[in-house]
Amino acid sequence: MIDEQKIKQAIEAATGLAVFYGEVSEDEEEPVEAYVLFFKGGMERPEKGDQISMLKRIVVYVCMEVITDDICLALIDTLEDLGLRFRNSDADREQQGDTDAFLDTEVFTFTHLVKRRGC
């Protein structure tokens, strides 16, 4: 199992942004406009129907003014170096409160293999 602290440090190094596990911390002194959230998602069976392992999803949510391809590729490369496998991403724009300002958002899905006990 890949440790959450290693994932957090890797994301910080790749993006230079504030990184939170699960949700933005409520004790932040100022609102954070550029950040990364990550969390462990569900599980799925590997494509070949392997009975002795499962794939655990790691979801990474990036929110900033402009998300460039360089940031996306740095994030993917860094997390793949940790042993995660990039699956896909979806991009969108998010309105900032009641203003006319928007931020780019992109949700990345990664997986990693988890061996089942007793199999």
Side-chain angles (χ1 to χ4, degrees):
M1 188 70 163
I2 297 176
D3 168 296
E4 290 157 8
Q5 190 62 30
K6 284 183 183 178
I7 295 171
K8 180 180 179 182
Q9 291 170 343
I11 294 170
E12 286 172 342
T15 64
L17 299 175
V19 179
F20 303 95
Y21 180 78
E23 62 187 12
V24 175
S25 176
E26 291 182 15
D27 61 349
E28 287 297 311
E29 293 179 13
E30 297 180 21
V32 181
E33 292 182 0
Y35 60 91
V36 178
L37 296 177
F38 76 98
F39 57 91
K40 294 177 181 175
M43 297 184 107
E44 62 188 80
R45 186 170 306 284
E47 296 168 2
K48 296 179 183 173
D50 186 357
Q51 296 298 315
I52 62 170
S53 61
M54 297 295 280
L55 294 174
K56 181 72 173 177
R57 283 190 296 276
I58 304 291
V59 179
V60 179
Y61 176 87
V62 179
C63 183
M64 60 190 303
E65 189 172 341
V66 176
I67 300 174
T68 65
D69 289 345
D70 290 341
I71 289 173
C72 294
L73 293 174
L75 179 65
I76 292 167
D77 291 344
T78 300
L79 293 180
E80 285 191 331
D81 287 346
L82 280 182
L84 299 178
R85 181 173 178 223
F86 173 70
R87 291 296 197 163
N88 60 42
S89 72
D90 290 308
D92 203 354
R93 305 249 319 135
E94 184 176 286
Q95 188 171 6
Q96 288 183 277
D98 294 333
T99 69
D100 291 336
F102 285 82
L103 296 172
D104 286 349
T105 61
E106 191 147 358
V107 179
F108 297 83
T109 304
F110 294 86
T111 58
H112 71 92
L113 201 58
V114 177
K115 297 284 183 185
R116 297 171 76 181
R117 295 180 190 179
C119 293

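Small disclaimer: the values here were computed from a predicted structure and weren't measured.
To the nearest 0.5 Å, atoms CG (Asp3) and NZ (Lys8) are separated by 11.5 Å. Rounded to the nearest 0.5 angstrom, Lys56 NZ and Leu84 CG are separated by 12.5 Å. Atom CE of Met54 is separated from atom CD of Glu44 by 8.0 Å, given to the nearest 0.5 angstrom.
Hydrophobic clustering (side-chain heavy atoms under 4.5 Å, transitive across Ile, Leu, Val, Met, Phe, Trp, Tyr) keeps Val36 apart from Leu103. Hydrophobic clustering, with ILVMFWY side chains joined whenever heavy atoms are under 4.5 angstrom apart, keeps Phe102 apart from Ile71. In this structure, Leu17 is a member of the same hydrophobic cluster as Ile58, with clusters built from ILVMFWY side-chain heavy atoms closer than 4.5 Å.
Remark: Arg87 pairs with Glu47, Thr111 by the side-chain hydrogen bond (donor to acceptor under 3.5 Å, both in side chains) rule, at least two apart or across chains.
Minimum interatomic distance between Val59 and Val107 (heavy atoms only, all atoms of both residues): CG1-CG1, 3.6 Å. Pairing each heavy atom of Cys72 with each of Glu106, the nearest pair is SG-OE1, 3.5 Å.
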Can you give me every donor-acceptor pair (side chain of residues 73-80, partner residue at least two apart or in another chain, under 3.5 Å) with its distance?
| from | atom 1 | to | atom 2 | distance (Å) |
| --- | --- | --- | --- | --- |
| Thr78 | OG1 | Ala74 | O | 2.7 |
| Glu80 | OE2 | Phe86 | N | 3.3 |

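Between the Gln95 side chain and the Thr99 main chain, a donor and an acceptor come within less than 3.5 Å of each other.
For residues 60-74, the side chain to side chain donor-acceptor pair (under 3.5 Å) pairs, not counting sequence neighbours, are Tyr61-Glu94.
Annotation: side chain of Arg93 is not in contact with side chain of Thr105 (no heavy-atom distance under 4.5 Å). Taking the side chain as every heavy atom from C-beta outward, Leu55 and Leu113 approach each other to under 4.5 Å.
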